[in-house]
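Structure record follows, encoded as structure tokens.
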Amino acid sequence: MDISSQEIEAIVRQVLSGMGASAPAGRPAAPAAGTAPRSGGDRGVFEHVDDAVQAAWEAQRDWAAHYSLEDRQRIVEAIRRCARSHVEEWSRKIVEETGMGRYEDKVEKHLATINKTPGPECLTTDAISGDTGLMLEEYAPFGVICSITPTTNPTETIINNTISMISGGNSVVFNVHPRAKMVSAECLQALNTAIVEAGGPENLITMTREPTMENVDRMAANPKVRLMAGTGGTGMVNALLRSGKKCIGAGAGNPPVIVDETADIQLAGQKIYEGASFDNNILCFAEKEVFAVGSACAGLIHQLEKQGACLLSPAQTEQLVKLVLQPNPKGGWEANKKWVGQNASKILAAIGVQVPDSCRLAVCQVPADHPFVLAEQMMPVLPVVCSASFEEAVDQAVAAEHGNRHTASIFSKDVDHMTRFARAVETTIYVKNSATKAGVGIGGEGHCTMTIAGPTGEGITCAKSFCRRRRCVLAEGGLRIV
Ligand code: NAD
């Protein structure tokens, strides 16, 4: 049988459209709202942001209309299983792609995120029954959420926000950090595959292969995107807040630690070393500077050295400032990205100090207005300020936190001191006598998140944070039983 080339082309087009695959050439035109999942994506990864939004919009309609809470729970469990099976691979690939952090700590961060991010079970209903009837308040989805993810926790944030956002009945379009786009795409595709294999809709989470700022602007302008959630630095969060759309902003921190004279100094040394060196200090909630009061100062530095920290001389400290910091165009100092998240041994080698890789932290004694105290340097270099009194330490710590209201900690046995610092610093996370990572459930109680929304107030986010509150009222009548 003879078949013309036009007939072959027509058959191919028919088969492709039946499979939901992309048209062979050119960008397909946007389908009308409510039609079948659009073509063009590769397990959630799209070339064009409008297509990524459209596909996520269609998936969300389906998700909200046809899937029960039990379905959501089952699919979230499938996501956890899938992510668990990739923890080592993604941790290794993040180190390779971003060039930052420590493999073993990324494994721990992933496991905390996978195991301790709550699913739909946290969406509890409030009910009031009284003389005038019955009231129910429930958590409803926003719809499509745009989620911007950082380079410091790329796949951890995708896993965390996927569980939280889809548990709330939403779909998500991610704009990932360009420096982590390959591992982010692999993670998103694996999670999408797990969702579909567990019976969920295609494209419940999507992204563009090439993340850009223009994509974020397009999503802010797209009426199908109902919520913008940004996890990253201050500049990005401020840009989102100006977008005119409902935003959840999880911005920068510069967590101060106070160690007072009543503290268990050995515990303080151990926990501060552990926290400040975790993943080479790239976490927003990691200890960034310490204010040790009076006699606690020398003791703390000694304990940090006992843990393995390298104490720098004043001359070495100033050499390091010139190497790893640079003037911020808006004033003050900022980290030189080349050194962010590098091992202490590598940073110190660059100023001629040789230490083994087992030395995870450099420590320097500096005044309270030193650039290492004021800049969010995100590397394992910990400045220690010797404060004359507890009151002075509180003032210095509050100034160093810059009003981010992100994270702070204290080592003390004096309950008044614990309370006074908490009231002065007003942070979302406040940890007493442990590493600050305890505040996100890593070695502490409570659920985990990688999106700590201080600026907009949602705090330690979970499914509830990404939902709308809706109320339903029934007038006095047949339903009450008392
Ligand atoms: P970053 O601000 O450079 O990038 C974060 C994301 O925002 C990236 O996807 C980036 O492409 C995007 N972005 C940057 N500027 C933007 C703009 N003007 N408009 C739209 N998008 C923009 O931050 P990073 O280096 O990836 O991460 C480190 C920073 O993030 C630190 O300041 C850290 O404290 C903070 N952080 C905060 C949290 C939190 O939960 N609060 C979590 C992780 C990281």
Side-chain angles (χ1 to χ4, degrees), residues 49 94 97-101 106 109 113 117 146-161 164 173-181 183-185 188 207-208 210-221 225 228-245 247-255 278-288 328 330 334-341 375-379 401-402 404-407 427-429 436-437 439-442 448-462 465:
V49 67
I94 295 170
E97 190 174 352
T98 67
M100 295 191 299
K106 292 189 187 298
K109 260 194 311 184
T113 307
T117 302
C146 160
S147 169
I148 300 172
T149 57
T151 185
T152 46
N153 306 317
T155 53
E156 299 91 323
T157 309
I158 291 178
I159 297 164
N160 173 234
N161 281 358
S164 295
V173 183
F174 285 98
N175 197 71
V176 305
H177 197 287
R179 271 179 71 191
K181 65 182 179 185
V183 69
S184 297
L188 184 127
M207 64 179 273
T208 45
E210 295 300 331
T212 63
M213 303 297 179
E214 292 70 40
N215 285 349
V216 176
D217 291 343
R218 276 188 86 85
M219 283 195 263
V225 176
M228 309 289 289
T231 312
T234 308
M236 182 273 289
V237 170
N238 288 343
L240 273 199
L241 292 173
R242 287 191 296 270
S243 73
K245 192 157 265 182
C247 292
I248 292 182
N254 195 36
F278 187 66
D279 210 13
N280 287 340
N281 204 296
I282 55 176
L283 287 144
C284 55
F285 50 75
E287 294 82 350
K288 296 284 187 291
N328 182 330
K330 292 183 186 146
E334 65 180 14
N336 176 339
K337 289 216 184 315
K338 181 179 168 197
W339 297 103
V340 168
E376 189 199 21
Q377 86 271 33
M378 296 201 294
M379 53 189 88
E401 216 273 327
H402 303 301
N404 293 326
R405 304 204 289 185
H406 194 297
T407 297
T427 46
T428 304
I429 296 175
T436 50
K437 61 191 166 85
V440 293
I442 307 178
C448 183
T449 186
M450 290 291 134
T451 296
I452 300 148
T456 48
E458 292 76 9
I460 316 297
T461 56
C462 65
S465 320

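Order of listing sets the numbers, starting from 1, for every ligand and every atom in it. The figures that follow rest on heavy atoms only: side chains count, while hydrogens, waters and symmetry mates do not.
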Quick one: does [X]'s side chain have a donor or acceptor within less than 3.5 Å of a partner on [Y]'s backbone?
| X | Y | result |
| --- | --- | --- |
| His402 | Asn404 | no |
| Asn238 | Gly235 | no |
| Ser465 | Cys462 | yes |
| Glu287 | Thr436 | yes |
| Glu97 | Val183 | yes |
| Thr428 | Arg405 | yes |

What protein heavy atom sits nearest [atom], and how far away is it?
| atom | answer |
| --- | --- |
| atom 7 (O) of ligand 1 | Met236 CG, 3.1 Å |
| atom 4 (O) of ligand 1 | His177 CD2, 3.5 Å |
| atom 14 (C) of ligand 1 | Met213 CE, 3.4 Å |
| atom 44 (C) of ligand 1 | Thr152 OG1, 3.6 Å |
| atom 18 (N) of ligand 1 | Ala239 CB, 3.7 Å |

**Message:** As a test of understanding, state which of Thr157, Asn153, Ile460 forms a side chain to side chain contact (heavy atoms under 4.5 Å, CB included) with Thr451.
**Reply:** Thr157
May I ask you to list the atoms of ligand 1 that are less than 4.0 angstrom from any heavy atom of [X]?
| X | value |
| --- | --- |
| Thr451 | 40 (O) |
| Ile148 | 6 (C), 7 (O), 9 (O), 12 (C) |
| Thr231 | 5 (C), 38 (C), 40 (O), 42 (C), 43 (C) |
| Val176 | 9 (O) |
| Gly251 | 37 (C), 38 (C), 39 (C), 41 (N) |
| Glu376 | 31 (C), 32 (O), 33 (C), 34 (O) |
| Asn153 | 43 (C) |
| Met450 | 40 (O), 42 (C) |

Decide yes or no for [X] and [Y]: does some side-chain heavy atom of the first lie under 4.5 Å from some side-chain heavy atom of the second?
| X | Y | value |
| --- | --- | --- |
| Phe278 | Lys109 | yes |
| Val216 | Met236 | no |
| Ile158 | Val176 | yes |

Is [X] close to ligand 1, meaning an N/O of one under 3.5 Å from an N/O of the other?
| X | result |
| --- | --- |
| Gly233 | yes |
| Thr149 | yes |
| Thr151 | yes |
| Ile452 | yes |

**Asked** Under 4.0 angstrom from ligand 1, any heavy atom of His406?
**Response** yes
**Prompt:** Does Pro178 have a non-hydrogen atom less than 4.0 Å from ligand 1?
**Reply:** yes
**Message:** Any donor-acceptor pair under 3.5 Å linking the side-chain atoms of Thr456 with those of Glu458?
**Reply:** yes
**Message:** Please tell me whether Asn160 and Thr113 have a donor and an acceptor in their side chains that are separated by less than 3.5 angstrom.
**Reply:** no
**Asked** Who gets closest to atom 30 (O) of ligand 1 by heavy atom: Cys284, Pro150, Gly232?
**Response** Gly232
